[in-house]
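Notes to accompany the following structure.
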Amino acid sequence: MKAMVVTQYGSPDVFNENELPDPHPGPGQVSIDVTHSAVGLIDVFVRRGTIPVFAPPFVPGLEVAGTIREIGEGVTGFRVGEPVVTLSLMSVGGYASITVADAALTISLAGFQIDPALAVSALPNAVTAYLSLTRVARMQQGERILIHGAIGGLAAAYPAVARSLGASRIVGTVRTASKLEAARRLDYDEVVLAEELAASLGDERFSLVVDPVGGDLLAASLELMEPLGRALLVGNASEQALNIASTTLWLNNIGVQGFNVGGYLSANPSAGRPAAEAVLRLVEAGLIDIPLTRLPLGQAAEAHRRLEAKDIVGRIVLQQA
Ligand SMILES: NC(=O)c1ccc[n+]([C@@H]2O[C@H](COP(=O)([O-])OP(=O)(O)OC[C@H]3O[C@@H](n4cnc5c(N)ncnc54)[C@H](OP(=O)(O)O)[C@@H]3O)[C@@H](O)[C@H]2O)c1
């Protein structure tokens with residue numbers, strides 16, 4: 001099979017296009033002929049070794065769409081050729097023409113009218129949104145939610161999912177005016193520039209802040225929370241350290257929670273499928289309408305360069321040539 005291999009931690013130049021032996025599924029797994037591989041900021045951190053969970057050489061890629069190629073021992077409910085998308089896998093291997101995935105984290109697209117590029121861009125992140133909002137933030141009907149980096153790959157999945165769970169108001173922030181239009185196509189009531197947040201919103205306060213950015217932005221957001229509000233930290237796109245005085249939390253009766261879908265699904269693999277079933281219709285209905293940039297698989301390095309340059313609105317997908 002064809003694969004984009006990270007030969008050592010470092011810049012995007014470390015990618016090598018290689019021919020590797022075809023992988024076969026073990027018990028409880030399927031193999032997938034990959035048509036589309038999602039590229040996210042987490043892949044950049046994994047490639048650099050900032051998140052050193054995989055030792056080089058490895059093939060990055062946590063999420064793919066494609067068709068079932070082989071079915072492993074003990075797996076039922078799939079047929080060869082069936083269109084599928086994976087949730088965020090606990091292993092790498094997606095930047096390839098064939099990959100192997102746990103059947104429990106592989107979701108059938110049969111019967112759904114969803115472009116596989118959108119499916120791989122939106123479904124795993126919608127599952128992350130659903131699990132983090134229901135299992136960690138324990139979101140209630142009527143909540144007022146602030147979402148940072150509103151058109152980022154992960155963040156873009158939150159408004160539709162939060163709305164489906166009964167949010168009464170959803171506000172997004174972006175850093176640059178060029179991202180406002182795309183963000184406003186999502187299910188936000190309002191999208192504002194992060195630097196104008198306090199001025200734009202006046203006295204408005206939120207019961208929940210969803211933050212994939214971290215650092216100073218999260219610290220500033222704590223000022224915008226209602227008593228007993230929670231900040232849900234789901235990423236660190238800013239790569240800044242978190243600097244919050246403990247008194248800020250207890251004096252104001254607010255909390256900071258964290259969620260990582262890979263770790264969660266690793267411990268609770270059976271939670272993936274019901275979560276996917278809860279959000280698939282949102283994706284099919286076009287409610288996670290995120291701009292997609294499609295590049296050939298061989299341009300993985302270029303995809304990473306664009307993500308690092310923050311030169312992207314929406315998501316990048318690698319597709320087979
Ligand atoms: N918790 C999980 O399970 C999970 C799952 C997937 C990803 N993640 C993490 O989530 C984060 C985002 O990943 P992604 O793939 O969505 O990335 P992405 O598509 O690049 O989106 C990141 C967004 O963050 C904003 N941003 C970036 N740098 C910033 C800065 N210095 N200050 C303020 N805003 C900044 C950008 O929006 P603006 O330019 O509009 O500000 C951008 O749209 C990463 O840390 C990733 O590791 C976590």
Side-chain angles (χ1 to χ4, degrees), residues 9 11 40-53 88 125 128-129 131-133 135-139 143-159 162 170-177 179-180 183 188 190-264 304 307-312:
Y9 292 138
S11 75
L41 209 47
I42 195 157
D43 301 348
V44 169
F45 298 150
V46 167
R47 187 209 73 224
R48 287 186 198 149
T50 322
I51 299 181
V53 284
S88 304
N125 284 333
T128 302
L131 290 172
S132 62
L133 290 174
R135 305 270 175 131
V136 182
R138 300 194 184 277
M139 207 197 119
E143 290 219 45
R144 307 166 68 81
I145 303 183
L146 179 66
I147 300 172
H148 289 308
I151 191 68
L154 176 58
Y158 274 83
I170 307 175
V171 175
T173 76
V174 295
R175 268 185 310 170
T176 50
K179 294 190 173 180
L180 282 169
Y188 292 104
E190 193 172 349
V191 183
V192 299
L193 288 172
E195 62 181 354
E196 295 171 3
L197 187 58
S200 304
L201 298 173
D203 292 337
E204 180 165 11
R205 293 292 176 268
F206 298 90
S207 53
L208 181 60
V209 176
V210 175
D211 186 16
V213 176
D216 297 343
L217 191 59
L218 178 62
S221 305
L222 302 182
E223 307 288 327
L224 299 171
M225 283 164 59
E226 293 171 358
L228 300 186
R230 305 85 79 210
L232 179 61
L233 187 58
V234 290
N236 190 29
S238 69
E239 299 182 63
Q240 292 173 340
L242 198 53
N243 187 9
I244 299 173
S246 60
T247 45
T248 304
L249 302 181
W250 68 263
L251 269 180
N252 298 300
N253 296 296
I254 55 178
V256 178
Q257 308 171 316
F259 182 78
N260 163 34
V261 73
Y264 187 84
H304 278 222
L307 262 182
E308 287 181 307
K310 317 273 183 209
D311 182 22
I312 200 79

Query - Test item: Y188 side-chain N/O and A150 main-chain N/O as donor-acceptor pair under 3.5 Å - result: yes
**Report entry** I147 and P159, any side-chain heavy atoms less than 4.5 Å apart
**Finding:** yes
Query raised in the report: Do the side chain of T173 and the main chain of V192 share a donor and acceptor less than 3.5 angstrom apart?
Result: no
Report summary line: For L233 and L218, the nearest pair of non-hydrogen atoms, with its separation, is CD1-CD2, 3.9 Å
Query raised in the report: Is the backbone N or O of V261 less than 3.5 Å from a side-chain atom of S88, with the two atoms forming a donor-acceptor pair by type?
Result: no
N/O donor to acceptor pairs below 3.5 angstrom from side-chain atoms of residues 239-247, sequence neighbours left out:
from	atom 1	to	atom 2	distance (Å)
E239	OE1	R48	NH1	2.9
E239	OE2	R48	NH1	3.3
Q240	OE1	D216	N	2.8

**Report entry** Inter-residue atom distance I254.CD1 - T248.OG1, 0.5 Å rounding
**Finding:** 7.0 Å
Query raised in the report: Measuring from L41:CG to L154:CG, what's the distance to the nearest 0.5 Å?
Result: 10.0 Å
Query raised in the report: Which distance, rounded to the nearest 0.5 Å, do you find between the CG of L307 and the CG of D43?
Result: 8.0 Å
Query raised in the report: Say you draw a straight line from CZ of R138 to OG of S132; how long is it, rounded to the nearest 0.5 Å?
Result: 12.0 Å
Report task. Please report the closest heavy-atom contact between I145 and F206, naming both atoms and the distance. Result -> C-CD2, 3.6 Å
**Report entry** Contact summary for H148 and P212, nearest pair of heavy atoms
**Finding:** O-CD, 3.3 Å
Query raised in the report: Which is it for M225 and R144 under the side chain to side chain contact (heavy atoms under 4.5 Å, CB included) test, yes or no, and what are the steps along the way?
Result: CA-CA 10 Å; M225 283 164 59; R144 307 166 68 81; over 6 Å; no
Query - Flag, side chain of N125 to backbone of G153, donor-acceptor distance under 3.5 Å - result: yes
Query raised in the report: So do N236 and V213 actually touch side chain to side chain, heavy atoms under 4.5 Å?
Result: no
Requested in this report: Measure the shortest side-chain to side-chain distance between L146 and L197 over non-hydrogen atoms and say whether it is less than 4.5 angstrom.
Outcome: yes
Query raised in the report: Closest heavy-atom contact between V46 and Y9?
Result: O-CE2, 3.6 Å
Query raised in the report: So V171 and V191, side chain to side chain contact (heavy atoms under 4.5 Å, CB included) or not? Walk me through it.
Result: CA-CA 6 Å; V171 175; V191 183; over 6 Å; no
Query raised in the report: Are L201 and E190 close enough, and set up right, to give a side chain to side chain contact (heavy atoms under 4.5 Å, CB included), and what steps lead you there?
Result: CA-CA 10 Å; L201 298 173; E190 193 172 349; 4.3 Å; yes
Requested in this report: Step by step, work out the side chain to side chain contact (heavy atoms under 4.5 Å, CB included) result for R175 and L193.
Outcome: CA-CA 5 Å; R175 268 185 310 170; L193 288 172; over 6 Å; no
**Report entry** ring-ring contact (aromatic ring centres under 6.0 Å, His included) contacts in which one or both residues fall within residues 212-239, not counting sequence neighbours
**Finding:** none
Report task. Would you name the heavy atoms of G258 and V136 that are closest together and state the gap between them? Result -> O-CG1, 3.9 Å
Report task. Kindly state each residue pair satisfying side-chain hydrogen bond (donor to acceptor under 3.5 Å, both in side chains) with at least one member in residues 223-232, sequence neighbours excluded. Result -> E143-R230
Query raised in the report: Any side-chain heavy-atom pair from Y158 and I170 closer than 4.5 angstrom?
Result: no
Query - Any side-chain donor near an acceptor of the partner, R135 and Y264, under 3.5 Å - result: yes
Report task. Report yes if some heavy atom in the side chain of L232 is under 4.5 Å from a heavy atom in the side chain of D211; otherwise report no. Result -> no
